[in-house]
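Here the structure is laid out as structure tokens; the discussion comes afterwards.
Every chain is numbered from 1, with letters handed out A, B, ... down the list of sequences.
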Protein chains: 2
Amino acid sequence: MISQQDLLDTLAQVARALGNGHRLALLERLAQGDASVETLANTTDLTVGNASQHLQHLRRAGLVTAQRSGKQMIYRLTDERIVNLLGLLRQVAETNLAEMERLVSRLFAEDDADGVLEAISRDELLAGLASGEVALLDVRPEEEYEAGHLPEAINIPLEQLEDMLGKLPRDREIVAYCRGPYCVLSHEAVQRLRQLGYRVRRFEEGYPEWKAAGLPIA
Amino acid sequence: MISQQDLLDTLAQVARALGNGHRLALLERLAQGDASVETLANTTDLTVGNASQHLQHLRRAGLVTAQRSGKQMIYRLTDERIVNLLGLLRQVAETNLAEMERLVSRLFAEDDADGVLEAISRDELLAGLASGEVALLDVRPEEEYEAGHLPEAINIPLEQLEDMLGKLPRDREIVAYCRGPYCVLSHEAVQRLRQLGYRVRRFEEGYPEWKAAGLPIA
DNA sequence: CCATCATTCAATAAAACGATAGAATGATGG
DNA sequence: CCATCATTCTATCGTTTTATTGAATGATGG
């Protein structure tokens, strides 16, 4: 006989798959685009063997799928909603766990005592784009930009920021985005561009959240 | 120095708190309304000590809060969004984990070979209520009904179903609901009422989801 | 078919988790 | 203040999870 508890136990398996920082890092990386085990291992600072093991765990939980392409295994998220799930988990954690707020503020707000770096919300960004008052800047590595980006976004990887200033408009406010709410690339870019006199803010989300919301991508 | 990984590790702690069937059962019970440790232990088939331990775990993760009331500790969900989080987890699991689908169908669909018991969605229900074509039936125990229920819902606990048929209208379709998608009470009620000739369907969600969506409650 | 490369599997040890039983704490009513 | 009740804490043991290591598998190009 089947009870409701069996369902909850199975549900718990899925939640347990999310219950490891390394696996969350793998999922966040996969939200940028499909990748091989080696790529995933490199971008998450794991050994290949360890990454493989965590990916199997995620696969058993139905969160990722794997497909062979030549010598490599290419992993991908099974479902766009996983990004929504992570986003909601993040929101709940930030609201209700003091430790979380402490970490977030230490990661981001240290150089922002006056709050001028306040991030721009999705709705504000959509309005700014519609009115043509905002130019979008993608500061992720070129590879991730190529795998998908917000419409009309200019790509300047953070390392090359000062070398490619010519691509940035001076007549509009710039909104920088990167991998997601916890990615520091856009935060760093905003600080450096402000020093140079640009009018620039950070988008509070990133490419994966934009895509998971069903908004158009390029 | 703080890294993004520290944030993900903290986030993983919260996810790990969801990674146990008993704790999910406790959260589902709390979604019906606040409750004492003893009540929670009884409704989830745990010993009091064990329930207490799991509740501490949930509290450390920021998912529940406790407040003393006389001799008892009353626990509650810290955040309505936790219901949304569980709902999204459920959706992702059902879509991507074959095991999950198998369990759900074995729990519900055994006596429903012809699919006539198909559940009604939230949008359909709202339309039916607006047009007055639908009467709502809450088949949870009276105590949970009293703690909160959908507007205009009639309460007939499942055990007393046949004794209180007089409260049910004959001129409208009846929609039965209970604790949530995995709760079997409304499913059972629909089967028994159909045998008696009533026009009745099951609401595919439950009271907590309705409340978490910000819809009006009584 | 062989050498190579990417990935997975298998075995191990350390750490974390989960259930239980019994002691300790904290509030209540006499 | 004492007895009682609800809950939490402590200690223990068996199970599960995690990282590491090295061997095995599977596809590729010569």
Nearest whole Å is fine: how far is [N] [atom2] from [X] [atom1]?
X	N	atom1	atom2	result
A:Leu40	C:dT8	CG	C1'	15 Å
B:His54	D:dC9	NE2	P	15 Å
A:Leu18	D:dT18	CG	C1'	17 Å
B:Asp9	C:dA16	CG	P	12 Å
A:Asn20	C:dA15	CG	P	16 Å
A:Leu55	D:dA19	CG	C1'	15 Å
A:Gln72	D:dG29	CD	P	12 Å
B:Ile74	D:dC5	CD1	C1'	14 Å

Does this structure show an ion pair linking [X] with [Y], if we count only N-O contacts that are shorter than 4.0 Å?
X	Y	value
A:Arg179	A:Glu144	yes
A:Arg122	A:Glu209	no
B:Arg202	B:Glu118	no

If you compare every side-chain N and O of [X] against the phosphate oxygens of [N] (OP1, OP2), does one of them come in below 4.0 Å?
X	N	value
B:Ser52	D:dT7	no
A:Tyr75	C:dA6	no
B:Gln56	D:dC9	yes
B:His22	C:dA19	yes

(message) Heavy-atom nearest nucleotide on DNA chain C for A:Val48 versus A:Lys71: which residue maps closer to 5'?
(response)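 Its nearest nucleotide lies further toward 5', so the answer is A:Lys71.
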(request) Would you mind telling me which residue lines up with the more 5' stretch of DNA chain C, A:Asn50 or A:Arg16, judged by nearest nucleotide? (result)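 Nearer the 5' end of the strand: A:Asn50.
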(request) Locate the shortest heavy-atom distance separating A:Leu40 from A:Leu26; write the atom from each residue and the value. (result)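 Nearest heavy atoms, A:Leu40 then A:Leu26: CB-CD2, 3.8 Å.
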(message) The side chain of B:Gln53 is closest to which nucleotide in this list: D:dT10, C:dT7, D:dT18?
(response) D:dT10
(request) Name the nucleic acid region contacted by B:Arg23, choosing base, sugar-phosphate or nothing; use a 4.0 angstrom heavy-atom cut-off, strictly under. (result) sugar-phosphate
(message) Using Watson-Crick or G-U wobble geometry with both distances under 3.5 Å, which nucleotide pairs with D:dC9?
(response)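 In the structure as shown, D:dC9 has C:dG22 as its Watson-Crick or wobble partner.
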(request) Any strand is fair game: report the nucleotide pairing with D:dG29 by Watson-Crick or G-U wobble, both distances under 3.5 Å, or none. (result)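 Per the H-bond distance test, C:dC2.
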(message) Please verify the inter-ring angle class for B:Phe203 with B:Trp210; under 30° counts as parallel, over 60° as perpendicular, anything in between as tilted.
(response)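 Perpendicular, since the angle between the ring planes exceeds 60°.
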(request) Find which nucleotide of DNA chain D each of A:His57 and A:Arg68 is nearest to by heavy atoms, and output the residue with the more 5' nucleotide. (result) A:His57
